[in-house]
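Comments concern the structure below.
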Amino acid sequence: MNISQIEHIGIAVNSIDESRKYYEEVLGLECYKIEEVADQKVRTAFFRIGEVKIELLEPTSPESTIAKFLEKKGQGVHHIAYAVAEVNEALKDVEAKGIQLIDKAGRKGAENLNIGFLHPKFTEGVLTELCSK
Ligand code: ZN
């Protein structure tokens, strides 16, 4: 597997409308997109810093994994996403190394990316997302 860069850092928030003020007014970043991913029951907001993005994740349903994360841990870093050439190949690659996958195959995520998550029990405590265009 060949990781080219950190694609984005996902941060779980209770409310994008509330949290974006910090990113915009304090950090001076610009939110260039808000996108709902119905599939994952989340609303996302994106900020770009150079090649890397910050993705705020707000649950749109109590069944959302983000809602469960917020309940358990509160607001904070939820996952790190690494850019790879082809997500399905990368997932196979890590699975062959004994890493349990949440997604056996890539699925459509925000920003039109193909994404797949690795199980955090196998990734030293950090939920890891692989993604490709
Ligand atoms: Zn993500």
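Order of listing sets the numbers, starting from 1, for every ligand and every atom in it. What you see is a predicted model; the values in this text were computed from it and never measured.
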Summary of ring pair (Phe, Tyr, Trp, His ring centres under 6.0 Å) pairs that have at least one residue in residues 9-33, sequence neighbours excluded: Tyr23-Phe47
Side chains of Asn14 and Gln75, heavy atoms from C-beta outward: is any pair under 4.5 Å? yes
Are Glu95 and Gln100 packed together at the side-chain level, in the sense that at least one heavy-atom pair is separated by less than 4.5 angstrom? no
Anything protein N/O/S under 2.8 Å from the Zn ion (ligand 1)? Just list residue and atom, please.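 Protein N, O or S atoms closer than 2.8 Å to the Zn ion (ligand 1): His8 NE2, Glu55 OE1, His79 NE2, Glu129 OE1.
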Test side-chain hydrogen bond (donor to acceptor under 3.5 Å, both in side chains) applied to Lys108 - qualifying residues, sequence neighbours left out: Asn112
Expected list for residues 122-133: side-chain donor-acceptor pairs under 3.5 angstrom, two or more places apart:
unit_1	atom_1	unit_2	atom_2	d
Thr123	OG1	Pro120	O	3.4
Thr123	OG1	Val126	O	2.6
Thr128	OG1	Val126	O	3.0
Glu129	OE1	His8	NE2	3.2
Glu129	OE1	His79	NE2	2.8
Ser132	OG	Val87	N	3.0

Test side-chain contact (heavy atoms from CB on, under 4.5 Å) on Val84 and Met1; report intermediate values, then the result. CA-CA 7 Å; Val84 296; Met1 181 172 53; 3.9 Å; yes
